[in-house]
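Fair warning: this is a prediction, and the values are worked out from it, not measured in the lab.
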Amino acid sequence: MAKYFCGPKQFIACLKAIENGLVPPTMNLVNPDPRCDLDYVPNLARQVPNLRAGMVNAVGFFGESASLLAGKVRDDRSFGQGGFGQRSF
């Protein structure tokens, strides 16, 4: 039962992070690889006012895994006038 709870819990945290514009910290990041140039958020959450999307990777027993994506929807009244694939989050 516990293995099925982590994904929804993480997804709710992702939705709240997008809603509040607050990126949660990367836990236990002590020695980042200097060859991996990523925008880490070590130890403390970071305020990001224009946060528009997030992703959760949930891994379960026996190789079960899923990725969930969430994003804010823009209130863009011109959607559809620029053709297919013209809209971005």
K.L.:
Is the number of heavy atoms from other residues, nucleotides or ligands under 6.0 Å of N28 CG greater than 12?
P.N.:
no
K.L.:
When you look at L29 and N43, which way does the side-chain contact (heavy atoms from CB on, under 4.5 Å) test go after all the steps?
P.N.:
CA-CA 7 Å; L29 179 64; N43 306 320; 5.6 Å; no
K.L.:
Only pairs under 3.5 Å count here: list side-chain donor-acceptor contacts from residues 31-38, not counting sequence neighbours, and write none if there are none.
P.N.:
residue: D33; atom: OD1; partner: R35; partner atom: N; Å: 2.9
residue: D33; atom: OD1; partner: R35; partner atom: NE; Å: 3.2
residue: D33; atom: OD2; partner: R35; partner atom: NH2; Å: 3.1

K.L.:
Within this structure, what is the OH-OG1 distance for the pair Y40 and T26, rounded to the nearest 0.5 Å?
P.N.:
8.0 Å
K.L.:
When hydrophobic residues are tied together by side-chain contacts of less than 4.5 Å, even through go-betweens, does I18 share a cluster with M55?
P.N.:
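In one cluster with I18: M55, no.
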K.L.:
Transitively linked via ILVMFWY side-chain contacts under 4.5 Å: L15 with L68?
P.N.:
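Same hydrophobic cluster.
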K.L.:
Can you measure from CG (D39) to CZ (R46) and round to the nearest 0.5 angstrom?
P.N.:
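So the CG of D39 and the CZ of R46 are separated by 4.0 Å.
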K.L.:
Is there a donor-acceptor contact under 3.5 Å from the side chain of Q10 to the main chain of A58?
P.N.:
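Checked: no pair found.
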K.L.:
Go through the structure and list residues passing side chain to side chain contact (heavy atoms under 4.5 Å, CB included) with A45, not counting sequence neighbours.
P.N.:
L22, P25
